Amino acid sequence: GLYLLDSGTTALKLRTGWNLPADRLLQPPRPLHAAMADLEALAGHAVALEDATGYAHWHLPEAVGAAVCVPVSSATTPLGTLWVFADEARPFTDQEVNLVEICAGRIAADLERELLLAEAQDVGRLRRDRAAAEQCRAAHTPRVAPLVDGWEIAGCLGANDADANEFFDWQADADGGLFAAIGRVEERSFAAVLQTEAVRSAWRAHARHEAEPERLLERVNADLWSAAAEPRPAHLLTLATDLRGEFRWASAGEAGLLLVPQSGELRLVDAAGLPLGIDGETFFTPDRLPAAYGDVFVAAADRRALDALREWLGADRPERRALRHSRDWVQALGARLSETFGLGETHDRRTSALIVIRRTR
């Protein structure tokens with residue numbers, strides 16, 4: 001009988017046998033902690049019981065007269081045990097035990113080959129999934145800024161990463177206003193990619209009909225709360241402009257805004273409210289102010305990004321004087337954040353998504 005370990009290495013289940021009753025395959029797994037002979041074998045020692053009736057503490061899987069138990073394992077992983085049973089008590093020579101061990105080694109090699117083939121298939125699927133996620137992200141990221149009288153907008157994302165958990169989006173309305181959003185889901189996984197797209201889709205759907213940023217956040221939050229099987233917090237900032245030069249916004253979680261006037265002190269708008277998806281009845285606080293010519297607004301879904309930019313854009317820094325060219329400047333900001341946080345496998349790979357809006361008249 002061949003008994004294989006479960007994925008948690010807690011039980012042994014008969015997977016195939018020869019000369020054993022077929023109903024043995026239907027029996028429940030044996031707990032590993034009570035299978036003393038199997039534990040001894042998995043520790044690297046063959047167990048030969050020449051009179052099994054006298055060794056009840058070994059907890060044999062079959063009521064037999066004698067048995068041999070040897071480990072089935074790869075070079076690094078225990079896979080299970082191989083048992084050979086005899087109806088009557090009998091001695092086992094070293095040659096016989098070695099033969100059973102050779103059989104177990106051949107079985108382990110076959111199992112390991114099948115595992116490697118399955119892993120190769122999984123890796124192939126993973127690569128295809130990552131490629132599809134990258135294509136989805138690229139397809140949904142806006143490339144052309146809307147033409148809105150009096151305003152200029154640009155955006156950037158960090159690394160082209162299939163597990164990216166940030167996004168930005170924008171759209172213009174029929175009255176000459178501009179709506180924009182930037183968001184982040186806390187996890188970095190394929191599930192987070194789906195959640196990110198859900199947040200983006202909900203924002204786009206409600207932005208067509210809701211002009212007030214705080215109400216827009218509440219509607220998106222209600223959608224996420226009602227649709228999610230378990231909370232997966234999302235940080236989102238949504239903003240709106242109009243022809244009168246008024247700038248309105250509301251934020252959830254760590255999403256925030258850095259106000260960079262043409263002259264004067266920078267102003268960091270802290271997060272206001274819980275992240276989305278935590279409470280279906282969360283209310284969000286709006287904020288607004290008139291924007292003067294040349295004022296710049298930098299939105300990010302990560303408070304650390306805003307802190308880094310605030311330091312980098314001090315009043316005496318040359319980067320501050322380059323705000324006249326915000327469409328090029330936003331790429332420089334993104335590159336700066338990528339350098340600050342690091343986007344390699346050994347770094348904190350938070351993407352540095354940004355939106356930059358400038359009042360042009």
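No hydrogens, no waters, no symmetry mates; every other heavy atom, side chains included, goes into these values. Just so it is clear, the model here is predicted, and its values are computed rather than measured. Nothing fancy with the numbering, it's 1 onward along the sequence.
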Do [X] and [Y] share a hydrophobic cluster (ILVMFWY, side-chain heavy atoms under 4.5 Å, transitive)?
X	Y	result
Tyr293	Leu178	no
Val97	Ile107	yes
Leu259	Leu237	yes
Leu49	Met36	yes
Trp58	Val72	no

Q: Examine the side chains of Asp38 and Trp83 and answer whether a donor and an acceptor come within less than 3.5 Å of each other.
A: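 The answer is yes; a qualifying pair exists.
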Donor-acceptor pair, side chain of [X] and main chain of [Y], under 3.5 angstrom:
X	Y	value
Thr81	Val70	no
His235	Glu254	yes
Asp6	Ala11	yes
Arg15	Leu4	no
Arg184	Glu166	no

What is the minimum heavy-atom distance between [X] and [Y], and which atoms define it?
X	Y	result
Ile278	Pro233	CD1-CG, 3.6 Å
Ala300	Ala305	CB-CB, 4.2 Å
Phe284	Ser251	CD2-O, 3.7 Å
Pro78	Leu42	CB-CD2, 4.1 Å
Thr241	Trp151	CB-CE2, 3.4 Å
Ala41	Val47	N-CG2, 4.2 Å

(Q) More than 12 heavy atoms of other residues, nucleotides or ligands under 6.0 Å from CG of Asp110: yes or no? (A)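 Yes, CG of Asp110 has more than 12 neighbouring heavy atoms, counting only those of other groups under 6.0 Å.
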**Q.** Flag if over 12 foreign heavy atoms under 6.0 Å of CG, Leu147
**A.**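 Not buried by this count: 12 neighbours or fewer within 6.0 Å.
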Q. Given the rule in the side-chain contact (heavy atoms from CB on, under 4.5 Å) test, do Leu82 and Val68 qualify, once you have shown the distances and angles that lead to the verdict?
A. CA-CA 8 Å; Leu82 177 65; Val68 173; over 6 Å; no
(Q) Determine whether Arg204 and Trp170 satisfy the following criterion, side-chain contact (heavy atoms from CB on, under 4.5 Å), listing intermediate values before the conclusion. (A) CA-CA 8 Å; Arg204 289 194 68 86; Trp170 52 52; over 6 Å; no
(Q) Do the side chains of Asp287 and Arg267 get close enough for a salt bridge, i.e. N-O under 4.0 angstrom? (A)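 Salt bridge between Asp287 and Arg267, a charged N being under 4.0 Å from a carboxylate O: yes.
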Q.
Between the side chains of Glu96 and Arg90, is the shortest nitrogen-to-carboxylate-oxygen separation below 4.0 Å, so that they form an ion pair?
A.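 A salt bridge is present here (some side-chain N lies under 4.0 Å from a carboxylate O).
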Just so I know, are the side chains of [X] and [Y] near enough to count as touching, which here means a heavy-atom distance under 4.5 Å?
X	Y	answer
Leu60	Glu62	no
Asn221	Asp223	no
Thr10	Leu32	no
Glu112	Ser74	yes
Val356	Ile153	no
Trp203	Thr238	yes

Q: Decide yes or no on salt bridge (charged side-chain N to carboxylate O under 4.0 Å, His left out) for Glu212 and Arg288, but give the supporting numbers first.
A: CA-CA 11 Å; Glu212 297 304 322; Arg288 63 186 65 204; 3.3 Å; yes
[X] [atom1] to [Y] [atom2] distance, which is reported to the nearest 0.5 Å:
X	Y	atom1	atom2	result
Trp225	Glu281	CH2	CD	9.5 Å
Phe297	Leu258	CZ	CG	10.5 Å
Phe247	Leu257	CZ	CG	5.0 Å
Phe85	Trp18	CZ	CH2	13.0 Å
Thr282	Glu218	OG1	CD	9.0 Å
Ser73	Leu79	OG	CG	6.5 Å

Q: Please report the C-alpha distance between Leu239 and Arg248 in whole Å, then the side-chain angles of each, then the deciding distance to 0.1 Å, and finally whether the side-chain contact (heavy atoms from CB on, under 4.5 Å) criterion is met.
A: CA-CA 6 Å; Leu239 54 89; Arg248 311 188 310 276; over 6 Å; no
(Q) Applying side-chain hydrogen bond (donor to acceptor under 3.5 Å, both in side chains), can you list everything that pairs with Trp249, at least two apart in sequence or on another chain? (A)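 For Trp249 there are no side-chain hydrogen bond (donor to acceptor under 3.5 Å, both in side chains) partners, ignoring immediate neighbours.
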Q: Name all residues meeting the side-chain contact (heavy atoms from CB on, under 4.5 Å) criterion together with Pro21; count only those two or more places apart in sequence or in a different chain, and write none if there are none.
A: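 Asp23, Arg24.
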Q: Please say whether the positively charged group of Arg30, taken as NZ for Lys or CZ for Arg, lies over the ring of Tyr3, i.e. under 6.0 angstrom from the six-membered ring centre and within 45 degrees of the axis.
A: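 Judged by the rule (NZ or CZ under 6.0 Å from the ring centre, within 45° of its axis), Arg30 counts as positioned above Tyr3.
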Q: Begin from the C-alpha positions of Leu236 and Ile182 and carry the test side-chain contact (heavy atoms from CB on, under 4.5 Å) through to its verdict.
A: CA-CA 6 Å; Leu236 180 66; Ile182 189 164; over 6 Å; no
